[in-house]
There are 2 protein chains.
Amino acid sequence: MTSRREKNKRKTRKCILDSAVRLFSRKGFDKTSIEELAREAGIGKGTVYSYFRTKRDIVKAFCDDQLEFARSELAAKTNPDMPLIEQLMIIFMADFKYVTENKEFGRVYLHEKVFPQEPLAEEDFQVQNDYFDMLYPIYQRAQDRGELRKDLELLHISGHIYAVYLLMLSCWYTGMIPTEEIGEAMKVMVTQTIQGLKP
Amino acid sequence: MTSRREKNKRKTRKCILDSAVRLFSRKGFDKTSIEELAREAGIGKGTVYSYFRTKRDIVKAFCDDQLEFARSELAAKTNPDMPLIEQLMIIFMADFKYVTENKEFGRVYLHEKVFPQEPLAEEDFQVQNDYFDMLYPIYQRAQDRGELRKDLELLHISGHIYAVYLLMLSCWYTGMIPTEEIGEAMKVMVTQTIQGLKP
DNA sequence: AGAAAAAACCGACCACAGTCAATTTTTGAT
DNA sequence: ATCAAAAATTGACTGTGGTCGGTTTTTTCT
């Protein structure tokens, strides 16, 4: 049963997250103070910290939620029998679009998830695992169709393509590749990944 | 001519950097305050900020220096006619060893360089370019020997392998792969990169 | 050498992330 | 309805990153 208490907690949490989205998007992560965020959410500053351990954790929680949502959306858009490269492009460009629209969130999230201060906790891996779980069937099918080598572990295939995706994000964040060229670059790199570097 | 002023500046800068290395290594980046760092360096707090724009910039400057040094060292250790995979392993494992020994520096540096808040400045690219310049001849030779496809741009080859290296670093920072297994994992992934994913 | 200009240095100060003890609200038992 | 325990809320407080105007040191010019 969902007690009154639990209901309120949920509401407050959502309220913090909503305020965070508004403010971080409008003013940027660093320029938004927790005090301001609390005011916007109509609560005290201390309360924010009883919901989230740190300011960065707010971003993490928001992105984890979004990722879960995006995943369910995406599953519907791709057909596992399309050519692998096409499926991957749909998935990654959707992700990328999200990042470009939430640059600050994406950056903080990537910092936390890719090069974290402490090894990731069990729950953090879960999000990543769920994401991989979505991709596994796609690679599996591609293996079955003969688009991918069967002697490779799915984890390695997955990791490899994820690496290329991260690189593209990095190129975008550093300004090395402008937004409008990312699609093309991503296609080149993923294709190259599949084809291999050797003659 | 190196004036007295310039000499002092150099000395002070080095002093700050040395103190930073000592303190950040001993207590961690976050736990070391600039005030403490200034005290250790025997200067005022404000002075630190006339040498470095932010706390993170101190790390960036240090790592840029180190990277330049490491590069010159490395050039001597590799023979451009060794098999590509062996050369890459020597280079990346040397880099990796450095990161494991300076975890905090590496993390902050990676945040700044891989997913920076603002697009990288000209000078930041220079460091990266210099690094690539070291690698290009290696890939070039490997192409000549027939170990790599000749129809691929060096930039793409370079970027691709860099992506895999970043992934390995990420796996280490997240705790997904323990230190002693990184070498093996790196070899597997780089080999896979060269071979390609398709049958 | 002496004065004026330029560069370097400094620590008091500000804004903000995160803490915590005191207060208020909710719950569950009688 | 009453009350005691548990949970949630709060804002004053602490420590630190970064700023800035005033001070000292170095250079340059005569």
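All of these numbers come straight from a predicted model, not from anything done at the bench. Below, chain A is the first sequence line, B the second, and so on; all start at residue 1.
Atoms CZ (A:Arg39) and C1' (D:dT10) sit 15 Å apart, rounded to a whole Å. Per the geometry, CZ belonging to A:Arg53 stands 14 Å off C1' belonging to C:dT19, to the nearest Å. Distance A:Lys55 NZ to C:dG18 C1': 12 Å, rounded to the nearest Å. Atom-to-atom, OH of B:Tyr49 to P of D:dT16 comes out at 12 Å; the value is rounded to the nearest Å. In this structure, A:Ile34 places its CD1 atom 15 Å from C1' of D:dT10, rounding to the nearest Å. Between the P atom of D:dG11 and the CD atom of A:Glu35 lies a distance of 9 Å, rounded to the nearest Å. The CD-P distance, from A:Glu36 to D:dG11, rounds to 16 Å in whole Å. Residue A:Arg56 contributes atom CZ, which lies 18 Å from atom P of C:dC16 at whole-angstrom precision.
Aromatic ring orientation, B:Tyr173 versus A:Phe115: perpendicular (interplanar angle above 60°, classes split at 30° and 60°). Ring geometry for A:Phe132 against A:Tyr162 counts as perpendicular: the plane angle is over 60°, on a 0 to 90° scale with 30° as the lower cut.
The listed nucleotides are D:dT9, C:dA8, D:dA8; the one nearest the side chain of A:Lys9 is D:dA8. Among the nucleotides D:dA8, C:dC9, C:dA17, the one closest to any side-chain atom of B:Ser50 is C:dC9. Distances were taken from every side-chain heavy atom of A:Ile43 (C-beta onward) to each of D:dT10, C:dC9, C:dA17; the shortest belongs to D:dT10. Ranking D:dT9, C:dC9, D:dG17 by closeness to the B:Ser33 side chain, first place goes to D:dG17.
Within the 4.0 angstrom heavy-atom criterion, no nucleotide atom of any strand lies near A:Phe52. Using a 4.0 Å heavy-atom cutoff across all strands shown, A:Gly44 reaches sugar-phosphate atoms only and no base atom. Using a 4.0 Å heavy-atom cutoff across all strands shown, B:Lys45 reaches at least one base atom of the nucleic acid.
Taking 4.0 angstrom as the limit, A:Tyr51 places a side-chain polar atom (N or O) nearer than this to OP1 or OP2 of D:dT9. For the pair B:Thr47 and C:dC10, the criterion of a side-chain N or O lying under 4.0 Å from OP1 or OP2 is met.
Mapped onto DNA chain C by nearest heavy atom, A:Gly46 and A:Asp30 fall at different nucleotides, with A:Asp30 at the one closer to the 5' end.
With hydrogens and angles ignored, the 3.5 Å screen pairs no side-chain donor or acceptor of B:Glu104 with any backbone N or O of B:Phe24. A donor-acceptor pair under 3.5 Å is absent between the side-chain atoms of A:Asp124 and the main chain of A:Leu120, judged by distance alone.
Donor-acceptor pairing under 3.5 Å is recorded for the side chains of A:Tyr109 and A:Asp64.
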